Amino acid sequence: MKFQDNEKIASIFETIADALEFLNENAFKIRAYRNAAESIRNLNESITEIYSKPNPKKIEGVGKDLEQKIKEYIQTQKVAYLDELLEKVPYTLFRLKDIRGLGPRTLYKMFEKYRVRTLEDIKKLVFENDELKDISLLEKSIKKIREGIQLYEEGQSRFPLGVAYPIAKDLVDRVYKIDNVKKVEIAGSVRRGKETVGDLDILICTKDFNSVSKALANLEHKQIIAMGDTKVSLLLSNNMQVDFRLVNEDSFASALQYFSGSKEHNVRLRDIAIKKGFKLNEYGLFEKDKKIETKTEEDIYNALGLCYIKPTLRENKGEIEACLANKLPNVVELGDIKGDLHVHTNYSDGLMSLEEVIQEAIKRNYDYIAITDHSVSSYVANGLSVERLYDQLNEIDKLKDKYKGKIHILAGSEVDIKQNGELDFNDNVLKDLDIVIASIHQGFANSKEINTKRIISAIENPYVNIIAHPTGRLIGQRAPYEIDIQKIAEYAAKHKTALEINSFYLRLDLNDEHARLAKNAGAKICINTDTHTKENLDYMIYGVLTAQRGWIEKSDCLNTLNYSQLKQFLKKH
DNA sequence: GCCGTTTTCGGCCCGACTGTTTTCAGTCG
Ligand SMILES: Nc1nc2c(ncn2[C@H]2C[C@H](O)[C@@H](COP(=O)(O)OP(=O)(O)OP(=O)(O)O)O2)c(=O)[nH]1
Ligand SMILES: [Mg+2]
Ligand SMILES: [Mg+2]
Ligand SMILES: [Zn+2]
């Protein structure tokens, strides 16, 4: 969350939209509230600050009316219109549209006829009745709602990218084995490299929709959610939903564009198409009823007067405007990565030996690799004492000789930032290392000010080169500790200390948004794996995707530099 | 409720699947 006040106002507008939807208000009015909310979320400035200026800048999607409501919130910390709405409709009720198959209309009918207000009320209603004729819910509808409630109560939630991606790949392999399948592509949020995904979206190119969809329904599943002529949705045993979409070859490019999203990006593109006198859908780009030939996604973007936009950028977060202004970033690629600068061995809590790590790095064609085991106070992670650190340095010295000409090895450490902001090793030790990472592993509960200060003092240390996993979050497990990321990025830029994008899929820390902010503040970004096991080394791709989503270019990164450029940066002056 | 500028009114992305519908509303992608 970048700005607390922006987030608050955005969520107020979203709640208003939900309430209006429940009350069956005009769909475009509802969308206006949702658009404004999204637009406020994407601002790079605190909205309170924007409106404290004499001539506040225009915010996209905010007109007279919503501007008034924003000002009201800034002055009174509330919006009367929302309070009025919440008197009419219970907030807990329209939130239940998160239950698959239960939408605003059904909820409203239940509310109107049966006065339901809570999930318990709804459960009672649908589990004690096999049909509710007066609100046109017969046996099948009731059954669907029951299934939706069950899934909801089992805790339907998003999946980390690193969990979803291997499952998606495996499904792609299985689908390729089906007869008459020509091409299969992962689409949706997985293709966009989003840190968590709601489901898997898989596009299939075929001529024989009938036989392929039958075969899809034979894939392992616990429920068929929907099955029609062009799409099949399955629920897997782990409660992950998979949406398969079938298209013929002619539509493949436009279908891939459609199915990759994001929704908001698609809406923008289709709007541009309209304004150019075209129509864009998953079947193609049309002028009147004539189809314009588009063989690739790039053809579609070009026909709309845009350049190709990579999937990781398709979020309607400025990529279309950037494209039109010829300012689209040329984002970093996996192939640009020249080495991994955050790796653990069995000296601390890693599983590989020093030499194994080096050999694996060579296999991956890296120019350099840093060994950065934990420092002494990380005792749960078997952190190295000063003595063991020097033992390791000796061993690394020998390996540097042994692997000369094959790879550059950097001897380093991941040094804990202690409660008081001091580092775990003193400067006399740090000066003997080729590279120093500093990170927080304790004292998460400190105030924002204290944690920010701790990190800044590490940034200012003449030997610290990288701040690892700067916010400490673990997706689905631990919230980030509070820090002032803007301020940290400014100091990092000034002191030539890089900020890490930690590629481990539960971290992805910095996240996409923070990375973009850090780049704009001039900070260098380093994409590391924080490897503890051999397979961790291959998680680099998740960090790269996150970097792309943060608009990070090759030139913004530390570990895209060649070895001599890297050594120069590590000197910090 | 917002937006544009051959528009200050009339658009606002577009389509698939399901159930209960006898022609479409609701939900979802
Ligand atoms: N044009 C258009 N496309 C949509 C709409 N909803 C979804 N799509 C497209 C873009 C999405 O990326 C794609 C898959 O839909 P999903 O609901 O699975 O969304 P997505 O994968 O982006 O996010 P997720 O992580 O699954 O929540 O379908 C829509 O309302 N209009
Ligand atoms: Mg999806
Ligand atoms: Mg989907
Ligand atoms: Zn580490």
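Order of the sequence lines sets the chain letters (A, B, ...), proteins ahead of strands, with each chain counted from 1. Since we're looking at a predicted model, the values are computed, not measured.
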remark   = Closest to the side chain of A:Lys144, out of B:dG19, B:dC2, B:dC17, is B:dG19
message = Taking A:Lys78 first and then A:Glu72, would you say they form a salt bridge - that is, a charged N and a carboxylate O separated by under 4.0 Å?
response = no
Listed pairs, N/O of protein and of nucleotides 10-12 of chain B, under 3.5 Å:
from: B:dC12; atom 1: O3'; to: A:Arg31; atom 2: NH2; distance (Å): 3.0

query = How does protein contact run along nucleotides 22-29 of chain B, one letter per nucleotide 5' to 3', with B for base contact, S for sugar-phosphate only, - for none, heavy atoms under 4.0 Å?
reply = ----SSSB
task = Specify the separation, in whole Å, of atom CG of A:Leu132 and atom C1' of B:dT20.
result = 14 Å
ask   = Considering only the P atoms, how many Å lie between B:dT5 and B:dC12, rounded to the nearest integer?
value = 15 Å
query = Distance between the P atoms of B:dA16 and B:dT21, in whole angstroms?
reply = 24 Å
inquiry  = In whole Å, measure the gap between the P atoms of B:dC2 and B:dT7 for me.
reply    = 23 Å
task = Starting from P on B:dT18, measure out to CD on A:Gln223 and report it in whole angstrom.
result = 12 Å
key: N/O donor-acceptor pair under 3.5 Å between A:Asn511 side chain and A:Leu508 backbone   = no
task = Sticking with atom P, work out how far B:dC14 lies from B:dC9, rounded to a whole angstrom.
result = 25 Å
Spacing of A:Arg34 atom CZ relative to B:dC2 atom P, expressed in whole Å = 16 Å
ask   = Does B:dT8 pair with anything, Watson-Crick or G-U wobble, both distances under 3.5 Å, and if so, with which nucleotide?
value = none
query = Over how many whole Å does the gap from A:Lys275 atom NZ to B:dT5 atom C1' extend?
reply = 13 Å
Whole angstrom value for the distance that separates C1' of B:dC17 from CG of A:Leu234 = 14 Å
ask   = Counting heavy atoms not belonging to A:Glu87, are there more than 12 under 6.0 Å from its CD?
value = no
note = Within residues 54-72 of chain A, the residues having a heavy atom closer than 4.0 Å to DNA chain B are A:Lys58, A:Glu60, A:Gly61, A:Val62, A:Gly63, A:Lys64, A:Asp65, A:Leu66
ask   = Looking for any heavy atom pair under 4.0 Å, which part of the strands does A:Asn281 touch: base, sugar-phosphate only, or nothing?
value = sugar-phosphate
task = Quickly, which of A:Arg41, A:Arg95, A:Arg34 forms a salt bridge (charged side-chain N to carboxylate O under 4.0 Å, His left out) with A:Glu14? Name it, please.
result = A:Arg41
note = Here the distance between atom P of B:dT20 and atom NZ of A:Lys140, to the nearest Å, is 7 Å
query = How many Å lie between CG on A:Leu246 and C1' on B:dA16, as a whole number?
reply = 12 Å
message = Would the distance check show the side chain of A:Asp170 and the main-chain N or O of A:Pro166 forming a donor-acceptor pair, the cut-off being under 3.5 Å?
response = no
request  = To the nearest Å, give me how far apart CZ (A:Phe209) and P (B:dA16) are.
outcome  = 11 Å
ask   = Which is true for A:Leu280 with a 4.0 Å heavy-atom rule: it touches a base, it touches only sugar-phosphate, or it touches nothing?
value = sugar-phosphate
